[in-house]
Amino acid sequence: MTTTDDKARKALFAALAKAQSEMGSVFKDSTNPHFRSKYAGLPAVLNEIIPTLNRHDISFVQAPDFDAETGCVILRTALRHKDGAEIVETTAAPIGKKLDPQAFGSAVTY
């Protein structure tokens, strides 16, 4: 987590607590035919969280990248509050073959 000051960090945590208290369950609207299981697709999750986060002055940003050294697609997810504090997490997914647009897109969306 990065922040400009302690006040901004406290404001982010308070806003997140309020936002989470307003969020409901996400309907499992998608099916994985391979495992015959239901799951909540990304659009359903975003439709639930984005308006609630926005009401509490929190932005949600995801940015894909590629780490040539490890051969992994990197996805950075950030929650940023209007007061300057942010929480950033990084997830890596290896690409099993040479990098091409389809492999990159598959890794990011998986």
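Note that this is a predicted model, so its numbers are computed, not measured. Side chains included, hydrogens not; waters and symmetry mates left out as well; all remaining heavy atoms used.
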Asker: Looking at every heavy atom in both A8 and A85, which two are closest together, and how far apart are they?
Answerer: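 Heavy atoms of A8 and A85 come nearest at O-CB, 3.4 Å.
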Asker: Rounded to the nearest 0.5 Å, how far does NZ of K18 lie from OG1 of T52?
Answerer: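 One finds 14.0 Å between OG1 of T52 and NZ of K18.
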Asker: Between V88 and L75, is there shared hydrophobic-cluster membership here, with clusters defined by ILVMFWY side-chain heavy atoms closer than 4.5 Å?
Answerer: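 Cluster IDs for V88 and L75 differ.
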Asker: What residues form a salt bridge (Lys or Arg N to Asp or Glu O under 4.0 Å) with K38, not counting sequence neighbours?
Answerer: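 Not a single residue meets the salt bridge (Lys or Arg N to Asp or Glu O under 4.0 Å) criterion with K38.
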Asker: Residues in side-chain contact (heavy atoms from CB on, under 4.5 Å) with S30, at least two apart?
Answerer: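 Scan of S30 (side-chain contact (heavy atoms from CB on, under 4.5 Å), adjacent residues dropped) gives Y39.
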Asker: Residues in side-chain contact (heavy atoms from CB on, under 4.5 Å) with S37, at least two apart?
Answerer: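 Partners of S37 by the side-chain contact (heavy atoms from CB on, under 4.5 Å) criterion, ordered by chain and then number, come out as N32, F35.
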Asker: With side chain to side chain contact (heavy atoms under 4.5 Å, CB included) as the criterion, how do I87 and F13 come out once you've worked through the C-alpha distance, each side chain's angles and the decisive distance to 0.1 Å?
Answerer: CA-CA 10 Å; I87 297 171; F13 289 162; 4.2 Å; yes
Asker: In chain order, what residues pass the side-chain contact (heavy atoms from CB on, under 4.5 Å) check against P51, with sequence neighbours excluded?
Answerer: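 Testing P51 for side-chain contact (heavy atoms from CB on, under 4.5 Å), a comparison that skips the adjacent residues, returns R55.
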Asker: Once you round to the nearest 0.5 Å, how far does NE2 of H56 lie from CG of L79?
Answerer: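 Answer rounded to 0.5 Å: 13.0 Å.
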Asker: Can you check whether L16 reaches L53 side chain to side chain, under 4.5 Å on heavy atoms?
Answerer: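 Side chain of L16 against side chain of L53, heavy atoms only: contact under 4.5 Å found.
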Asker: What pair of heavy atoms forms the shortest contact from F104 to P64, and how long is it?
Answerer: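 Heavy-atom minimum between the residues: CZ-CB, 3.9 Å.
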Asker: Taking only residues two or more places apart in sequence, or in another chain, which ones meet K82 in a salt bridge (Lys or Arg N to Asp or Glu O under 4.0 Å)?
Answerer: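 Testing K82 for salt bridge (Lys or Arg N to Asp or Glu O under 4.0 Å), a comparison that skips the adjacent residues, returns D57.
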Asker: Looking at side-chain heavy atoms only, is the closest gap between F60 and T77 below 4.5 Å?
Answerer: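 Of all side-chain heavy-atom pairs linking T77 with F60, at least one is under 4.5 Å.
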Asker: Apply side chain to side chain contact (heavy atoms under 4.5 Å, CB included) to the pair L12 and E86, showing each step before the final yes or no.
Answerer: CA-CA 7 Å; L12 172 59; E86 67 179 3; 5.6 Å; no
Asker: Quick one: salt bridge (Lys or Arg N to Asp or Glu O under 4.0 Å) partners of D65, sequence neighbours excluded?
Answerer: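 Only R76 meet the salt bridge (Lys or Arg N to Asp or Glu O under 4.0 Å) criterion with D65.
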Asker: With sequence neighbours excluded, what pairs up with T90 under the side-chain hydrogen bond (donor to acceptor under 3.5 Å, both in side chains) test?
Answerer: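 T90 satisfies side-chain hydrogen bond (donor to acceptor under 3.5 Å, both in side chains) with no residue once adjacent residues are dropped.
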Asker: Test of understanding: with side-chain contact (heavy atoms from CB on, under 4.5 Å), list the residues that count as partners of A11, not counting sequence neighbours.
Answerer: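 In terms of side-chain contact (heavy atoms from CB on, under 4.5 Å), with neighbours along the sequence ignored, A11 is linked to H81, D83.
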Asker: I need the minimum non-hydrogen distance between D29 and G41, along with the two atoms involved.
Answerer: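 Closest approach of D29 to G41: OD1-N, 2.9 Å.
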Asker: Is there a path from V108 to I74 through hydrophobic residues (I, L, V, M, F, W, Y) whose side chains come within less than 4.5 Å of each other?
Answerer: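 No, no single cluster joins them.
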Asker: Counting N and O atoms only, with roles assigned by atom type, does the side chain of E48 sit under 3.5 Å from a partner on the main chain of M23, one being a donor and the other an acceptor?
Answerer: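 The answer is no, because no donor-acceptor pair under 3.5 Å joins these two groups.
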Asker: Determine, using the 4.5 Å side-chain heavy-atom cutoff (strictly less than), whether I58 and I50 are members of one ILVMFWY cluster.
Answerer: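 Yes, same cluster.
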